[in-house]
Structures are given as structure tokens and as C-alpha cells.
Amino acid sequence: MNPIHKRFNYQALISNVRDLASSVTVRVPTFRGGVQVRPDKEKTQEMTIADYMDPKEDLVYPLTDAYGNTFTALVAVGDKVQRDQIIAETEEGLPLYSSVSGTVKDIAMKLTAYADKVRSIIVENDHAYTTADRPFTPESYKELPEEEIRLRIRAAGIIEPTSKMFLDQMLQGAEASQIHTVLIDGAETEPEMSAAYRLMLEDSWRIVNGIRVLTKLFPKAEAVLCIADDKPKAIEVMGDYIDHEADHIRVEIVRCKYPQHHPLMLAETVLHEEVSDVSDLLSHGILIISVDTAIAISRAVTQGRPLQRCIVTLSGDCLESPRNYRVRIGTSVKELVENGGVPVREAAKVILGGPITGTVLQDLDVPITKSTACILLMSEESAHQMEESHCIRCGRCVAACPMGLAPYFLEKLVTKRDWKRFESSGGMTCIECGACSFVCPARRKVGISVMKGKTMINERRDLKLRAEAERYAEARFDSTPEEDER
Amino acid sequence: MKDRSPSNYYQPPHSRGADTTSSIMRDVLFALTPILIFATVYFGYRALIIVLISCATAVLSEYAWQKLSRKRVSILDCSALLTGLLVAFNLPISVPLWVPAVGAFFAIIIVKQLFGGIGRNLLNPALSAKLMLILVFPALMTEFRINGIPVYTPLYYLSEGQFEMLPSMMSCFLGVVPGDLGETSVLLILLGGIYLAARRVIDLRIPLSYIAVVFVLSYLLKGNGMYEILTGGLIFAAFFMATDYVTTPMTGVGRLVFGVGCGVLTTLLRVYGNYEIAICASILLMNLLTPLIDRFIVPKAFGKIYTNNRLHGTISGD
């Protein structure tokens, strides 16, 4: 995992001089800050997505997902379920589907990757894959009225991972006139992940169809498909599929710099608009979806079915041939790792997510959910981390922060527990991209300290609210018995 | 060194950038090697001895300090070695051999370790050592004697106004003039500086702004720009002393302010004060101002909820 040292970096010299001269004309648009990382995708991006659609083990569907949505089960133990049948739903009625047909084995507490044990529905696969009747007839989006399109999107239970909301909630919150731009994130700048790239090459029609559905819902909006410049083939293929006269879609090439894939950075690069929080994007008229969501929209509207598979990049230096896999949601990570190719080394560390923001999995027996994009198997050599040493005040973290913060300073404030100053220096706007920790030559986990500061401030906010609520309750308790009886 | 402590092993990021503290120091040492070879060839093998004494004293004193104060021994990050080399490069060839030892000891123990170790010193260690030596032993540092014959540096002629005694600009550029060990060969310094800029080790803002300001200001004040920047070790100080990470600001704009400030102070001190210590004093003064610069020049924050970098309505109380 250690990048190769380039002995003489001509590009760095030229960009150093260019920075100094404050050149305004940038050939490829990008955002301020960020860090140029080696994409490391050569291993996985040239191979087509392999299918692993017949899981042998039981499938697990957690009833609390990574985004905080809670579902109530609609099935009981022993029920027979079919593929694409609703097995749980939220309070608002948004559904959770089963990805296989089989029998509900149990509803129990199971470990997940994002939380401790969560109540989950466990379905035993009968390998028949009988599908439930679809409630909607297949129809091109052009024939369908707008309400029908929204109904189909809601019924499919599509979740947008970057905004952590159901797509239906996002579309309901947005008036048709308010959205002026729909950004589709095809940038994928985190190393090792190449799922979006392969989808753009293999599933191009569905992506463009999904974007076209959104342009129908928001006729005044322009759709921009952002692709990073390390994916020339994807740019070419997507350009071919877009009808440049009829569609309000254009392809924007952005510089492949981490963390370009973050919605705030996309908004800054493409629209030159600086929004501080992801939840504020809709009120600024910007809708950001991922490539997978576009495919899900196309499937929901045209076919009337949910998207119950996800593309997982199984990578790292422990496998002989790392590649992308198409898996059913609910498959266990352990099963995919064991069947996903020949191991050449022992995996010392298994990471869910990319190498910069991923979390370490201590127990592989967790289900793959919609939020899973990458599983990295790191051997002993690549998992090797140097010790943290003193900050040498080089300023690389300041240059790397996409939000214009000074991470070294925020880390010092966290150590001194100066929360007031932490917040007023902008600590809460940290997007937790990890770019600062990535570049630090002293190998300090600067980003982790800033995240710790954010957690502390959130806790203090909760405590404050709770204290206020208690005071309010006390004041109420001080009432006369007659008032209290009322 | 592997660290399996939970904070290091289980927390992201799991992949890091290529630069480490020691790789940066080694890059600077690599950039300084041609200068060392030139000094040995031009000034004699005594240069090598001075460098060896200085580096050895630096590394040993840091090792002794860290061992005695029961801290983690960090001499392998090459920062002490680099400081020793820079101290040696600031000395003329004719110094007695105990001078580099005293200078290196002062730089490492008093300026660096007593202030808190790497990353915590306020002043540039090598430059503070040079200033201390000039103030305490001015004769040894400024009077050059090669084989007993007094030799004068171009800086001396410039300060005395004896322009006809100045060597040609090409000699000053190539470095075949008397001076301190590392600071004569402008050509090799520039090559080293370009190498470091290409490796993203130094930020070109500081040296280029420093040199440009000295050039323009001394041309305006004294009518002589080119010789001012080619003599007295200005280019060496601009590329290798004023670019020390610890003592310079963290933001791009801050670094420009630092470079311009150094340039203004150097020129003014040269015109109205002592020529010899102008560079030392100006860079050290700007080092003292760096915390102030870092306090007021902060990176431009993202988003519209900020004015003057102050977030409105904080939870933590106002």
C-alpha cells in the first residue's frame, strides 16, 4: 500500500510554480484543497464485474440501517418470502425488500459493520429465486406521469448513500422549480474502488435512463455527470450514450483528486458554490446522486422493481485477482471474501470501505448492505503503520483540507479541550474525509482528533438540550396539584 | 517501526502519503550533497572535517538529551543530522575545530530541545547558532584566513562600497569566491532548491519572494541589485534556512508575508546596520513573528456561514 517514491516529480515542480504564479486558468476544474492520491485501481478496473448472485449462507437484513432508519418487520419466523417482497418498512412506509426467496429463519440480534448487534431478519435461501408479483407494469419513463414516477421511486425504497436519506424524502423535500442542477457522482476518487467505473462501462444505458427520469421530474434542471479524469474510457462511453440534443445532460470532467467524490466538493467544482453541509444542498437547489442510485431509479421507474444488488470491489494485495463483484444485499462479507478469488497472502486486516475512510472489520460475519462499496484485504506488509511522531508544522494538512480548516490547530484545541475555540475555528464543518491524516509526514491521526472534537461538541449539545428539558420539566413539576391534574 | 496500538491500527486512514518526516529530511540532505562536495573541492578537506564534527555533535547531543530525559530517541528521523550540516555550512573554512561543535550543541540542545524538541522550537536552530557564534566570536566568523593570508568575502567589499574589488558575477554565481562553506555556490543551491521544489519539500513562495524583495529593495535603496543577492549567502538562507517548516507559517499567504518581511528586514539591516548578521537577524525576527502570522492569517474557510472566520451561534457558548 505504500506508494512508489517518484524520484523526480516534474508535475509537482510545475504545479508548485503554477501555484505561486496564482494561475487562474485551470485546464481541468477542481476544488480547493484535497490531496492527489495514487488511484490504485489498475488491479480491479479492467475486469468485468463478476457475479456472485447465489449465496449459500443465510442472508441477513438489519432492521436498522447505517443511516439511522429503523424498520419494523412485516414477516414472522417461518414465513416464506419471495424475491422483491417487502419484508419490513419504516414508520413512513418506506420499504425494505428481500433479495432472495426462501424462509424466514429467525429475527435476532446480529452483528453489523456500522453498529453493534442490530435486530435483523435472517432468511434461508432456497436458491429458487421466485419473484414476487410486481405491482407496477414495465413502462418507459416517457409514458408515465410525474406522480407515477415518484410513486415508483418511493415504492422501490431507494436510499442515496451520500445524503444518507431515502431518495423519496429528498424528492419530496424539493420542489420541481427549486432544483437547478442534478449532479451525478461518477468521480470515485477514493483509491482501490472501481465499482462506479465498471458500472459506467457496463450498465451505461441504465445510468443515462435514470438521469433522464430525473430531468423529467425537474424540467428546469441541468444534469451534470461528473467523471474524474483518470477514467477516459468511461468519459467516452457515457458521452456516446447521452443524446446531446435531446437530453439536458452533460459530462463534466473533474480532476481526480481526493475527496472530489464528496457532494460538497462536487458542488464547489462544478457550480462554484460553497455549501457547508450536505443537508443544505437541497435548499440550495442542488440534488446529488451516485451512479448506483441512477441505475436504481431506472430500474424502479422502468421495471417497477427495487435494486437489490450492490457492486462490491474486493481488493487489496491478498488476492490473486481482485475484482468487482455483483452481490445480493444481505450476503455475508465472510462468504464473499472466502469465495472471491484465490488468496495469495494471509489477510492481516480486513477493511470495509476505502483505504482512507474505511473501518476495520474485526468479525467478518456481517451482512453486505447498500452502504457497502469496497472490501479491502490487507496483508501484514501493507497493514504496517508507522508510529505517530511529533507534528513538524509542515502545513500539508492545511493545504489538504477541502473545507479550508487548519487541522493541526484543531488537533491542538482538542488536546487542550478548548471546545469553544474548536467550534469557532470551524471544527464542526469537517467532512471527515481523512485527507489531513493521509498527507501527514509525522503519521499523526489528525482527522481522528478533529472527529473526536466533533463528537465531544455533539455530546455537549445533547447534554445541554437534556439539561434544558430537565429544567423545563422541573418548572412544570413545581405546579399546583390542580394544574398538574389537568 | 510497527505500531499495533489500537489507535494506530484500527483507525483510518489505512494508507498514507509517501512523505514521512525522515524522507523529507533525507531529501534535503540529498539536495545539500552537491554543495558539500563543492565545499570540499574548493575549500579543502578541512571542510569535510568541520561538517563531520558538526553533524556528529548534533546527533550525539540529541541522543544524549533524549536518553537522559527518558524520551523516545528520534535521531533516525535525520533532523539532527540536517541541523548539524546546516550549522557547518554557515561557518567559514578557517574556524577552529571546536567552533562547529559548540555551534551544533547550541543549535540542538538550547534552541531545539530546550524549547520542546522537534516541531516546538521558536527559532531556526542552525541560524541561531550562527548568530550566537558571530556575536560571541566575531573575529573567528568574519575574518577569513587561508594559509595565514587574510581573505575578504564579496560581502565585505560590498559593505565597504569597494565595488572595483568585487569578483565577477559569474564567479559569485559559480561560487568560486571566499565565504562560508555552504553559501557560496549559487548554482548548486539553485539546483538543490529546484530539486526540493519538485519533490514538494519546500514551498517556493518563501525563497522567491525573499530574493525578489531583496533585489528590488536594494536596487531602489542602493542602486545595486544583482550583487546583493549573489553575495553573503542570501540564496542559501532563502532556500534552506527560511524554508524550515517549524519556524515558518503554515498557510500560503502567511509564507508570502514571511518571505516579504524577511526581504524587507534583510535589506534595511544591510543598509542601516551590520552587513554580516543582516540575514540571520531578519530571518530570526520573522521566526518570532510566525506565531502572530499564523494567528491572523488563517486558511479561507469554506461555506457562507462564516464571517471573519467566526462561526455564528456556537453550541459551546459565546
Side-chain angles (χ1 to χ4, degrees), chain A residues 1-3 5 8-10 12-13 16-17 19-20 35 191 274-276 349 351 355-360 378 383-396 398 401-406 408 419-420 423-426 428-429 434 437-439 441-443 445 448 457 460-461 464, chain B residues 1-5 7-24 72 74 77 79 116-120 194-195 197-200 203-205 208-209 245-252 255 294 298-306 309-311 314-318:
Chain A
M1 295 290 269
N2 284 321
H5 261 273
F8 198 88
N9 195 344
Y10 292 100
L13 173 65
N16 204 343
V17 174
D19 286 343
L20 179 66
V35 55
E274 295 186 355
V275 184
S276 333
K349 200 158 143 180
I351 295 170
I356 303 182
T357 51
T359 49
V360 177
M378 293 173 80
H384 160 270
Q385 295 248 14
M386 275 177 64
E387 267 183 72
E388 272 192 22
S389 57
H390 297 290
C391 169
I392 59 172
R393 304 187 71 79
C394 62
R396 280 171 171 80
V398 176
C401 182
M403 299 301 281
L405 305 173
Y408 77 97
W419 309 120
K420 194 170 86 172
E423 206 175 339
S424 62
S425 307
M428 297 307 282
T429 61
S437 316
F438 183 83
V439 286
R443 299 298 188 243
K445 302 263 181 170
I448 302 290
I457 290 186
R460 286 164 65 93
R461 174 188 305 160
K464 228 185 196 179
Chain B
M1 276 173 285
K2 245 181 267 192
D3 184 10
R4 295 288 201 94
S5 67
S7 66
N8 214 2
Y9 199 68
Y10 293 112
Q11 283 168 350
H14 307 285
S15 167
R16 311 301 283 263
D19 291 334
T20 66
T21 309
S22 52
S23 84
I24 292 171
R72 188 168 71 95
S74 67
D77 68 3
S79 58
I118 188 169
R120 323 265 305 242
I194 291 174
Y195 170 77
R199 294 280 286 155
R200 299 230 104 162
D203 188 346
L204 280 180
R205 284 183 181 93
L208 295 184
S209 59
Y245 286 147
V246 183
T247 49
T248 49
M250 311 275 283
T251 54
R255 287 174 182 158
D294 271 336
V298 288
K300 185 162 163 292
F302 188 90
K304 296 186 172 48
I305 52 173
Y306 284 88
N309 272 343
R310 293 232 139 238
L311 171 63
T314 59
I315 303 297
S316 311
D318 289 341

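Residue numbers start from 1 in every chain, and the chains themselves are labelled A, B, ... in the order their sequence lines are given, proteins ahead of strands. This structure is a prediction, so every number in the text was calculated from the model and none was measured.
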Asker: Below 4.5 Å, heavy-atom pairs only: which of A:Gly434, A:Cys401, A:Pro191, A:Cys391 has the largest tally toward chain B?
Answerer: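 Looking at each of A:Gly434, A:Cys401, A:Pro191, A:Cys391 in turn, A:Cys391 comes out on top.
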
Asker: Quick one: pull up CD in A:Glu387 and OG in B:Ser74 and give me the separation to the nearest 0.5 Å.
Answerer: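 Atom-to-atom, A:Glu387:CD and B:Ser74:OG are 11.0 Å apart.
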
Asker: Looking at every non-hydrogen atom in both residues, tell me the closest pair between B:Phe302 and A:Ser276 and how far apart they are.
Answerer: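 Heavy-atom minimum between the residues: O-OG, 4.4 Å.
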
Asker: In Å and rounded to the nearest 0.5 Å, what is the CD1 to CG distance from A:Ile392 to B:Asp77?
Answerer: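 It is 8.5 Å, given to the nearest 0.5 Å.
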
Asker: How close do A:Leu405 and B:Pro299 get, counting heavy atoms only, and between which atoms?
Answerer: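 It is O-CG, 3.8 Å.
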
Asker: Chain A heavy atoms under 4.5 Å from B:Arg255: which part of the residue, side chain, backbone, both or neither?
Answerer: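 When you check distances to chain A, only side chain atoms of B:Arg255 fall under 4.5 Å.
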
Asker: Looking at residues at least two apart in the chain, or sitting in another chain, which of them share a side chain to side chain donor-acceptor pair (under 3.5 Å) with B:Asp294?
Answerer: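 With sequence neighbours excluded, B:Asp294 shows a side chain to side chain donor-acceptor pair (under 3.5 Å) to no residue whatsoever.
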
Asker: Looking only at heavy atoms and a cut-off of under 4.5 Å, which of B:Val246, B:Thr248, B:Thr247, B:Thr251 has the most pairs with chain A?
Answerer: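 Of the candidates given, the most pairs with chain A belong to B:Val246.
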
Asker: Within the side chain of B:Arg16, is there an N or O that forms a donor-acceptor pair under 3.5 Å with the backbone of A:Val439?
Answerer: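 Pair absent, no side-chain N/O of B:Arg16 close to backbone of A:Val439.
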
Asker: For A:Thr359, is there any backbone N or O sitting under 3.5 Å from a side-chain donor or acceptor partner on B:Gln11?
Answerer: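 Not a single qualifying donor-acceptor pair exists.
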
Asker: How close do B:Thr20 and A:Arg443 get, counting heavy atoms only, and between which atoms?
Answerer: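 Nearest pair, atom of B:Thr20 first, then A:Arg443: CG2-NH2, 3.1 Å.
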
Asker: Hey, mind stepping through B:Thr21 and A:Ser389 against side-chain contact (heavy atoms from CB on, under 4.5 Å) and telling me if it holds?
Answerer: CA-CA 9 Å; B:Thr21 309; A:Ser389 57; 4.1 Å; yes

Asker: Where does B:Ile118 contact chain A at under 4.5 Å (heavy atoms): side chain, backbone, both or neither?
Answerer: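 Answer is both: backbone and side chain atoms of B:Ile118 are under 4.5 Å from chain A.
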
Asker: For B:Ser209, check side chain to side chain donor-acceptor pair (under 3.5 Å) against everything at least two apart and list the hits.
Answerer: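 By the side chain to side chain donor-acceptor pair (under 3.5 Å) rule, B:Ser209 matches no residue at all.
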
Asker: If you take all heavy atoms of B:Tyr245 and A:Arg396, which pair is closest and at what distance?
Answerer: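 Here B:Tyr245 and A:Arg396 meet closest at OH-NH1, 3.1 Å.
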
Asker: Can you name the nearest heavy-atom pair linking A:Phe438 to B:Pro13, along with the distance?
Answerer: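 Shortest heavy-atom separation between A:Phe438 and B:Pro13 comes out as N-CG, 4.0 Å.
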
Asker: What part of A:Thr357 lies closer than 4.5 angstrom to a heavy atom of chain B: side chain, backbone, both or neither?
Answerer: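 The answer is the backbone of A:Thr357.
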
Asker: Determine, step by step, whether A:Glu274 and B:Lys300 satisfy the side-chain contact (heavy atoms from CB on, under 4.5 Å) criterion, reporting the C-alpha distance in whole Å, the side-chain angles of both residues, the deciding distance to 0.1 Å, and the verdict.
Answerer: CA-CA 12 Å; A:Glu274 295 186 355; B:Lys300 185 162 163 292; 4.2 Å; yes

Asker: Passes side-chain contact (heavy atoms from CB on, under 4.5 Å), B:His14 versus A:Ile356? Steps please.
Answerer: CA-CA 6 Å; B:His14 307 285; A:Ile356 303 182; over 6 Å; no

